[in-house]
Amino acid sequence: MTDPQHPVAEPEYKDRTYRSSGGIAGGVLLLALGGWLGIDAMIRGEGRTPWLALAGLLLAVPIVVAFTVRPAVFANDDRLRIRNPFRTITLPWASVSGLRSGYSNEVFTQDGTKYQLWAIPVSLRGRKKAARRKSQGVAAGDPSVGGPGLRASLKSGRPETQRAAGDQIMDDLRELSELRASAKSAQGEPEVRWGYEILAPAVAGAVLLAVLLAVA
């Protein structure tokens with residue numbers, strides 16, 4: 001019998017968060033530059049210039065945020081949540097049929113629907129470097145070169161370093177999917193939510209810009 005003064009806490013699973021540091025850095029730089037130019041035009045501009053600058057900022061800022069700062073992937077024992085530029089997709093592990101790495105990283109659901117993982121970019125240059133490190137490790141008898149993913153790291157007791165960063169993340173997500181797909185808490189159907197907080201200001205900026213250009 002549960003003591004009402006000491007209730008049993010529900011298990012909490014912290015999300016593993018994956019984001020592109022390069023994308024975020026580039027986005028912040030673009031936002032800073034665009035904000036400086038746009039605000040300067042709004043303050044110092046004459047005639048329709050301030051309105052054009054406002055419309056441009058309303059359109060450009062959400063788009064830049066959507067493709068650079070916003071993308072993220074969150075994974076825990078129950079589900080995979082993908083925050084792409086304009087949508088957020090929540091996939092319980094039971095609904096995931098596979099993850100694929102090619103020229104982009106993708107996840108497939110049981111009904112064949114494909115979603116791209118924008119926050120985990122593919123680096124062909126990184127793959128070449130990783131392959132070169134792996135061949136050097138094999139030649140040196142490195143015990144961490146035992147295969148991709150978490151299992152190889154656990155087997156050797158050392159972090160697996162012979163994979164490109166994006167490919168290593170995908171290996172980890174595949175293993176988590178395989179381990180948790182049959183768990184009761186990981187059952188359910190995919191959910192998709194549109195990012196209206198991005199779409200609404202971008203559409204408003206586009207409409208305002210079109211009106212200003214039309215009445216020129």
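Computed from a prediction, not measured in an experiment: that's the story for all the values here.
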> Tell me, please, which residues at least two apart from Ile169 pass side-chain contact (heavy atoms from CB on, under 4.5 Å).
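Checked Ile169 against side-chain contact (heavy atoms from CB on, under 4.5 Å); matches are Tyr18, Ile120, Leu173.
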> Just jot down the salt bridge (charged side-chain N to carboxylate O under 4.0 Å, His left out) partners of Arg174, sequence neighbours excluded, or say none.
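Arg174: salt bridge (charged side-chain N to carboxylate O under 4.0 Å, His left out) contacts with Asp171.
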> Between Gln187 (side chain) and Trp93 (backbone), is there a donor-acceptor pair under 3.5 Å?
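Pair absent, no side-chain N/O of Gln187 close to backbone of Trp93.
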> Can you name the residues that form a side-chain contact (heavy atoms from CB on, under 4.5 Å) with Val192, not counting sequence neighbours?
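Val192: side-chain contact (heavy atoms from CB on, under 4.5 Å) contacts with Arg87, Ile89, Tyr115.
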> Residues two or more places apart in sequence or in another chain: which of them pass side chain to side chain donor-acceptor pair (under 3.5 Å) with Arg193?
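With sequence neighbours excluded, Arg193 shows a side chain to side chain donor-acceptor pair (under 3.5 Å) to no residue whatsoever.
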> Suppose we screen for side chain to side chain donor-acceptor pair (under 3.5 Å). Which residues come up paired with Thr88, at least two apart in sequence or across chains?
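For Thr88 the side chain to side chain donor-acceptor pair (under 3.5 Å) partners, ignoring immediate neighbours, are Arg70.
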> Spell out, yes or no, whether Leu213 and Met42 are grouped together once hydrophobic residues are joined by side-chain heavy atoms under 4.5 Å, including indirect joins.
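In one cluster: yes.
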> Quick one: which residue pairs count as a salt bridge (charged side-chain N to carboxylate O under 4.0 Å, His left out) with a foot in residues 182-192, not counting sequence neighbours?
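Residue pairs passing salt bridge (charged side-chain N to carboxylate O under 4.0 Å, His left out), neighbours aside: none found.
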> Below 4.5 Å, heavy atoms only, C-beta onward: do Leu208 and Leu212 meet side chain to side chain?
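Yes. Closest side-chain heavy atoms under 4.5 Å.
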> Of the non-hydrogen atoms in Ala206 and Leu59, which two are nearest, and what is the gap between them?
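The pair with the smallest heavy-atom distance is CB-CD1, 4.0 Å.
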> Under 3.5 Å, side chain of Thr68 to main-chain N/O of Val64, donor-acceptor pair present?
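Indeed, once roles are kept as given, a pair shorter than 3.5 Å links the two residues.
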> For Arg100, give me all partners under side chain to side chain donor-acceptor pair (under 3.5 Å), at least two apart in sequence or on another chain.
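Once residues adjacent in sequence are excluded, the partners of Arg100 under the side chain to side chain donor-acceptor pair (under 3.5 Å) criterion are Glu106.
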> List in chain and number order the residues that pass side chain to side chain donor-acceptor pair (under 3.5 Å) with Ser20, two or more places apart in sequence or in another chain; answer none if no residue qualifies.
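Side chain to side chain donor-acceptor pair (under 3.5 Å) list for Ser20, sorted by chain: empty.
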> Any side-chain to backbone donor/acceptor pair from Asp167 onto Ser101? Under 3.5 Å, distance only.
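No: the side chain of Asp167 does not pair with the backbone of Ser101.
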> With a 3.5 Å distance limit and no angle check, can you tell me whether Asp40 reaches the backbone of Ile43 through a side-chain donor-acceptor pair?
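No; zero donor-acceptor contacts below 3.5 Å.
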> Looking at CG of Leu117 and CG of Asn84, how far apart are the two atoms once the value is rounded to the nearest 0.5 Å?
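Here the interatomic distance stands at 7.0 Å.
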> For a quick test of reading the model, state the closest non-hydrogen atom pair linking Gly38 to Ala53 and the distance between them.
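Reported closest heavy-atom pair: O-CB, 3.7 Å.
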> Can you give me the closest heavy-atom contact between Pro71 and Ala66, atom names plus distance?
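Closest pair (atom of Pro71, atom of Ala66, distance): CD-O, 3.2 Å.
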> Val96 and Thr109: side chain to side chain contact (heavy atoms under 4.5 Å, CB included), yes or no, with the steps?
CA-CA 4 Å; Val96 174; Thr109 62; 5.9 Å; no
> Kindly work out whether a path of hydrophobic side-chain contacts (I/L/V/M/F/W/Y, heavy atoms less than 4.5 Å apart) joins Phe108 to Leu91.
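As far as the 4.5 Å side-chain criterion goes, Leu91 and Phe108 are not connected within one cluster.
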> Can you pull the ring-ring contact (aromatic ring centres under 6.0 Å, His included) pairs that have at least one residue in residues 48-73, sequence neighbours excluded?
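Sorted result for residues 48-73: Phe67-Phe86, Phe67-Trp118.
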> Shared ILVMFWY cluster between Ile24 and Val61, side chains joined below 4.5 angstrom?
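In one cluster: no.
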> If hydrophobic clusters are built by linking Ile, Leu, Val, Met, Phe, Trp and Tyr wherever their side-chain heavy atoms come under 4.5 Å apart, do Ile63 and Leu209 end up in the same one?
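Same cluster: Ile63 reaches Leu209 through Ile, Leu, Val, Met, Phe, Trp or Tyr contacts under 4.5 Å.
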> Give me each pair satisfying ring-ring contact (aromatic ring centres under 6.0 Å, His included) with a member in residues 164-211, each pair once, sequence neighbours excluded.
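Passing the test, one end in residues 164-211: no pairs.
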> Can you name the residues that form a side-chain contact (heavy atoms from CB on, under 4.5 Å) with Ala72, not counting sequence neighbours?
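Only Arg19, Phe74, Arg83 meet the side-chain contact (heavy atoms from CB on, under 4.5 Å) criterion with Ala72.
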> Are Ser97 and Gln110 packed together at the side-chain level, in the sense that at least one heavy-atom pair is separated by less than 4.5 angstrom?
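Yes, their side chains come closer than 4.5 Å.
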> Using a 3.5 Å distance criterion without hydrogens, assess whether the side chain of Asp15 forms a donor-acceptor pair with backbone atoms of Thr17.
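No; zero donor-acceptor contacts below 3.5 Å.
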> Are the side chains of Leu99 and Asn105 in touch, meaning some heavy atoms are under 4.5 Å apart?
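Leu99 vs Asn105: side chains apart.
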> Which atom pair, heavy atoms only, marks the closest approach of Ala94 to Ala181?
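Taking Ala94 first and Ala181 second, the nearest heavy atoms are CB-O, 3.4 Å.
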> Of all residues at least two apart in sequence or in a different chain, which pass the side-chain contact (heavy atoms from CB on, under 4.5 Å) check with Ala183?
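Per chain and number, Ala183 pairs via side-chain contact (heavy atoms from CB on, under 4.5 Å) with Arg180, Ser185, Ala186.
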> List the atom of Ala119, the atom of Pro121, and the distance in Å for their closest heavy-atom pair.
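Closest heavy-atom pair between Ala119 and Pro121: O-CD, 3.2 Å.
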